[in-house]
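Below, read A as the first sequence line, B as the second, and so on, with proteins coming before strands; counting in each chain starts at 1. FYI, side chains are in, hydrogens and waters are out, and symmetry mates aren't considered; it's all heavy atoms of this structure.
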Amino acid sequence: MNRRDWLTAAAVASGSALSMMRLQQHKYSRDLRPKRSRVAVLHTDQYSDKLDEVVYDGLRLFNLNVRGKSILLKPNIVEYIPGKPVNTDTQLIGAAVEAFLRLDAASVTVGEGPGHHRDTDLLLYETGLSDQLAHRKIGFVDLNRDDLIKTKLQANYSDLGHLWLPRTVLASDFIVSMPKVKTHHWTGVTLSMKNMFGIIPGSRYGWPKNVLHWAGIHESILDICATVRPHFVIADAVIGMEGDGPLNGTARRMNQIVLSDDPVAADVMSARAIGVMPEQITYIQEAARFLGNPRAHDIL
Amino acid sequence: MPLICKRVFRQIFCLKTLFLFRGVFEQLLAEIEKRCLSSGGWASGNSRRAGIETTCYALMALHNRPSLVRDHAVDLLLRTQNPDGSWPAFEGDDPEGCWTTALTSIALRSIGAPSGPIEKSIRWLLNNQGREGHWFWKWKFRTVDRAVQFNPDKYGWPWFPGTVSWVIPTALSVIALKQSAPCCRTEPIVNRIQLGTEMLRDRACPQGGWNAGNGIVFGSALAPHIDTTAIALLALTEGNDTTVVQGLNWLRQACVDCSSPYSLAWSAIACAVHRDEALNHCIAGLGKRLSSTDAISNIETLSLAAIALKAAEGNANPFEEVI
């Protein structure tokens with residue numbers, strides 16, 4: 001080992017040790033773990049109109065009380081790459097809209113703030129989401145360009161202290177994270193909690209929201225989810241992505257939709273479905289201490 | 001068809017297209033004026049606060065149209081400048097500078113605003129750089145962090161101070177610096193233009209054009225974006241540069257099927273600067289999609305469309321370099 005290698009190894013080792021030490025300190029102000037966490041795994045082998053019934057039946061298993069509530073569906077719409085399962089499937093988003101309306105929600109809105117793409121309209125058109133929303137007569141909010149409210153973070157892993165967050169997110173009664181189940185080259189996996197990165201507005205933080213990367217991706221995920229914890233998860237694991245995700249990996253057919261009222265339980269289940277050990281994902285491990293339960297009490 | 005006939009045909013086509021869209025242009029300006037905030041400036045999307053980026057585009061669109069709305073927008077930009085010369089993202093934001101600084105400098109220069117605030121913003125831009133410009137991060141990106149392959153010696157500007165360089169903020173900053181009159185360009189300005197230009201070339205996608213940042217991540221080529229490519233091309237005006245040629249080639253292809261007025265407007269503005277024949281196609285596509293300005297909720301899109309239509313007529317293009 002020459003001097004340069006030694007210096008490099010020492011820097012990496014101290015960096016990792018510091019990072020682990022930072023994460024292992026108690027940095028949350030509220031324990032948000034529910035008494036009971038429920039998960040349902042729905043089996044389906046295709047994206048089609050049949051999803052309307054599949055998702056509705058799945059939601060009914062949870063006896064959710066969403067009557068009169070404003071629902072925000074937060075899918076994962078990142079980039080359009082023909083042939084690559086990068087984004088939450090639009091049929092599944094449409095089915096979720098329909099199901100919540102049938103459960104008497106007062107309103108259902110779809111909102112997303114793509115990380116790299118500034119032309120949100122083009123992205124919605126290319127992915128087919130604009131057609132799906134027009135067909136269902138559902139509104140879309142570009143969270144990158146929403147009205148913003150300065151919000152104190154409810155955990156302090158990233159040292160950011162506060163973030164400007166979209167009014168649509170803060171004003172919604174019930175937030176549903178709808179990730180595409182994928183591996184991710186920086187965080188191991190991108191699931192319901194990482195999906196919440198998309199609520200951070202580009203008009204304030206840029207495209208991508210690089211401030212969060214420098215504050216620590218795992219740390220930022222924990223701070224965002226501690227502040228805006230998704231009430232429910234509908235994870236698209238019908239066709240996920242493995243390998244070089246979240247953009248250039250390969251399609252992996254799993255034929256599942258994971259539903260849960262606990263984002264930590266949902267992410268543990270989804271990570272296993274894509275073949276990743278959740279115990280090895282730093283933010284999932286830490287989230288299990290205060291955001292949710294890693295093991296569901298009820299598998300519906 | 002002889003070349004001269006082709007050129008004449010293109011001219012006639014262009015004039016005909018622009019004539020058809022003359023009414024659309026006036027509608028666009030009226031719509032932009034109508035949507036201004038009572039406190040001055042324009043808000044982005046659903047926002048209720050004046051966004052600096054949005055206001056800059058609207059101001060460029062209204063350019064020399066005398067109106068109270070325009071004057072209020074200039075006042076807004078002048079009063080929101082931070083003491084260090086930078087601009088925040090929106091009115092009421094924390095006093096941290098960001099990428100809007102370069103854009104505001106371009107907008108204020110385009111309407112002939114006083115030079116003091118512009119000079120102050122240029123000084124801020126010169127003091128600001130992507131994090132990879134620091135020796136420690138250069139070393140890190142060369143040794144332990146090789147996942148994203150780029151040359152950290154070539155750096156530009158970040159979206160926010162303290163982060164790495166990205167294509168759009170770098171391109172806008174290069175344009176802002178290039179617009180400093182050539183007679184008065186100091187050595188630091190010349191050096192940063194050179195460095196920013198090299199950074200943009202270094203980050204181009206292998207197939208031509210630009211994604212948000214690097215062209216290759218974890219060994220995989222990323223696909224270019226239309227708006228980012230157009231903005232990068234506004235900063236790189238050397239026509240014989242291979243990266244520019246590849247970028248323009250990619251942009252011409254991408255515009256053919258593009259449905260978005262926002263991306264088409266940026267493409268038209270870039271094609272006007274490069275005197276590229278794809279301009280006609282972009283303007284025709286844009287006009288088609290602007291048939292109902294009510295359907296477009298986004299002020300940025302309306303403003304960029306107006307700037308594009310104006311640039312296509314050969315009138316002032318706010319992003320053009322001062323020669």
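- For a residue to count as touching a neighbouring chain, one of its non-hydrogen atoms must lie under 4.5 Å from one of that chain's; by this rule B/Asn211 touches chain A with the side chain only.
- Separating the NE2 atom in B/His225 from the CH2 atom in A/Trp207 is a distance of 13.0 Å, to the nearest 0.5 Å.
- With a 4.5 angstrom heavy-atom cutoff, A/Ile81 does not touch chain B via any of its atoms.
- Considering every non-hydrogen atom in both A/His185 and B/Val217, the closest pair reads CE1-CG1, 3.9 Å.
- Looking at B/Asp227, the atoms closer than 4.5 Å to chain A (heavy atoms on both sides) all sit in the side chain, from C-beta outward.
- In this structure, no portion of A/Glu126 lies under 4.5 Å from any heavy atom of chain B.
- Of residues 156-164 of chain B, those residues with a non-hydrogen atom less than 4.5 Å from any non-hydrogen atom of chain A are, in numerical order, B/Trp159, B/Phe160, B/Gly162, B/Thr163, B/Val164.
- The existence of a salt bridge linking A/Arg118 and B/Glu300 is excluded, since no basic side-chain nitrogen approaches an acidic carboxylate oxygen closer than 4.0 Å.
- Taking both residues in full, the closest heavy atoms of B/Ser259 and A/Tyr125 are given as OG-CD2, 3.1 Å, listed atom of the first, atom of the second, then distance.
- Heavy-atom distances place no part of B/Ile52 under 4.5 Å from chain A, backbone and side chain included.
- Proximity to chain B is absent for every atom of A/Pro201, based on heavy atoms less than 4.5 angstrom apart.
- Distance alone, capped at 3.5 Å, places no donor-acceptor pair between the A/Asp121 side chain and the B/Ser260 backbone.
- In this structure, the side chains of A/Asp119 and B/Ile226 stay at 4.5 Å or more apart for every pair of heavy atoms.
- Neither the backbone nor the side chain of B/Ala43 comes within contact range of chain A, judged by heavy atoms closer than 4.5 Å.
- Interface residue A/His117: backbone and side-chain heavy atoms are both found under 4.5 Å from chain B.
- Taking CG from A/Asn248 and CD1 from B/Ile216, the interatomic distance works out to 11.0 Å, rounded to the nearest 0.5 Å.
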